[in-house]
> 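Would you mind keeping the following structure in view while I ask a few things?
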Amino acid sequence: MALLFFIIGALALWTYELGRGMNVLGAGVSAEQAQLLKAQAAKALAERDQTSGALGTLENQLAMERAAHTQLAAQVQSLTAENARLQEDLAFFDSLVPAGPVSEGISIRRLKLELVPPNQLRYRLLVMRRGNNPQDFRGSLALSLAVIQAGKASVLNFPGKEDKTEPFQLEFQRYQRIEGILPLPEGVQIRNVQARVLENGKVRAQQSANMER
């Protein structure tokens, strides 16, 4: 780079002296030398442009590799969480294998709750049916939240009159995992959540869980 500056400076001085009409050839720089300096300067500029282009390409490749690494890390994290959940499900189902005949019945297992900022509640549960009934079970899920709202105790029921009922419908042979998110009024404090499985308006199973703080 220093050589480039030197060559460009020499050419600039030579061009300036020519413009003044001075005999620069007699000053120790011949026409051949001037042409050589000019060629060397052009070559140095071309090499600089080539190096700048290669540097830009490397920077783009590095940015792409960083983005790919970030995406891969997110995928690994998601797969790790999914694997943990599957392992948990497997251990849970293994514990439910009966040692002998069992009676017909519906049950709710693993009711889990999680607050989602700013004002939402994520719920997750598993509904199971024991026995050998070949017909699918058809029913619905109902959730009741015991809360403190504006300093007073109250109950929020889901689905409400304006809520869609599809997310709360149940239809399964052996089991069904249900999860969803409920909207909450601002500033409400949840104390307890009760889940109920209904069939033709009758409660077939229920389970309660306190909100972890």
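Bear in mind the structure is a predicted one, so any value in this text is a computation, not a measurement. For this chain, numbers begin at 1 and follow the sequence in order.
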> Would one find more than 12 heavy atoms of other residues, nucleotides or ligands at under 6.0 Å from atom CD of Gln77?
no
> Once you measure the plane-to-plane angle for Phe172 and Phe137, does it fall in the parallel (<30°), tilted (30-60°) or perpendicular (>60°) bin?
tilted
> Are Gln149 and Pro185 side-chain neighbours, meaning at least one heavy-atom pair lies under 4.5 Å?
yes
> Mind checking the CZ-CD spacing from Arg138 to Glu199? Nearest 0.5 Å is all I need.
10.5 Å
> Heavy-atom count around Asn60 CG within 6.0 Å, excluding the residue itself: above 12?
yes
> When hydrophobic residues are tied together by side-chain contacts of less than 4.5 Å, even through go-betweens, does Leu126 share a cluster with Leu198?
no
> Search all heavy atoms of Ala209 against all heavy atoms of Leu113 and return the closest pair with its distance.
O-CD1, 3.9 Å
> Go through the steps to decide whether Leu184 and Leu145 satisfy the test side chain to side chain contact (heavy atoms under 4.5 Å, CB included), and finish with yes or no.
CA-CA 10 Å; Leu184 301 174; Leu145 282 59; 3.7 Å; yes
> Search all heavy atoms of Glu171 against all heavy atoms of Gln176 and return the closest pair with its distance.
N-OE1, 2.9 Å
> Looking at CD of Glu65 and CG of Leu58, how far apart are the two atoms once the value is rounded to the nearest 0.5 Å?
9.5 Å
> For Gln50, does the CD atom sit with more than 12 other heavy atoms under 6.0 Å from it, leaving out its own atoms?
no
> How far apart are the closest heavy atoms of Asn119 and Gly187, and which atoms are they?
OD1-N, 4.1 Å
> Show the nearest heavy-atom pair for residues Ala205 and Ser107, with the distance to one decimal.
CB-CA, 3.9 Å
> So if I apply the side chain to side chain contact (heavy atoms under 4.5 Å, CB included) rule between Leu125 and each of Val197, Val193, Leu141, which one comes out positive?
Leu141
> Taking the side chain as everything from C-beta on, heavy atoms only, tell me whether Thr80 gets closer than 4.5 Å to Val76.
yes
> So do Leu170 and Ser140 actually touch side chain to side chain, heavy atoms under 4.5 Å?
no
> When you measure from the side chain of Gln173 to the backbone N and O of Asn133, does any donor-acceptor pair fall under 3.5 Å?
yes
> Would Ile106 and Phe168 show up in the same hydrophobic cluster when neighbours are defined by side-chain heavy atoms closer than 4.5 Å?
yes
> Give a yes-or-no answer on whether the side chains of Arg196 and Gln194 include a donor-acceptor pair shorter than 3.5 Å.
yes
> Looking at CD of Glu59 and CD of Gln61, how far apart are the two atoms once the value is rounded to the nearest 0.5 Å?
11.0 Å
> Taking the side chain as everything from C-beta on, heavy atoms only, tell me whether Arg124 gets closer than 4.5 Å to Arg110.
yes
> Starting at CD of Glu47, measure out to CD of Gln40 and round the result to the nearest 0.5 Å.
10.5 Å
> Measure the CD-CD distance between Glu114 and Glu179 for me, rounded to the nearest 0.5 Å.
10.5 Å
> If you take all heavy atoms of Ile108 and Ala195, which pair is closest and at what distance?
CD1-O, 3.4 Å
> How close do Gln169 and Gly139 get, counting heavy atoms only, and between which atoms?
OE1-O, 3.6 Å
> Evaluate the side chain to side chain contact (heavy atoms under 4.5 Å, CB included) criterion for residues Leu182 and Arg122: first the C-alpha distance (whole Å), next the side-chain angles of each, then the deciding distance (0.1 Å), finally the verdict.
CA-CA 6 Å; Leu182 303 176; Arg122 177 181 286 114; over 6 Å; no
> One pair to check against side chain to side chain contact (heavy atoms under 4.5 Å, CB included): Val127 and Tyr175. What are the steps and the verdict?
CA-CA 5 Å; Val127 181; Tyr175 68 91; over 6 Å; no
> A side-chain contact here means heavy atoms from C-beta on lying under 4.5 Å apart; do Lys152 and Ile148 qualify?
no
> May I have the step-by-step check of side chain to side chain contact (heavy atoms under 4.5 Å, CB included) for Ile181 and Tyr123, ending in yes or no?
CA-CA 6 Å; Ile181 295 180; Tyr123 63 91; over 6 Å; no
> Can you measure from CZ (Arg129) to CZ (Arg204) and round to the nearest 0.5 angstrom?
8.5 Å
> Do Val147 and Leu115 belong together in a cluster built from hydrophobic side chains that touch within less than 4.5 Å?
yes
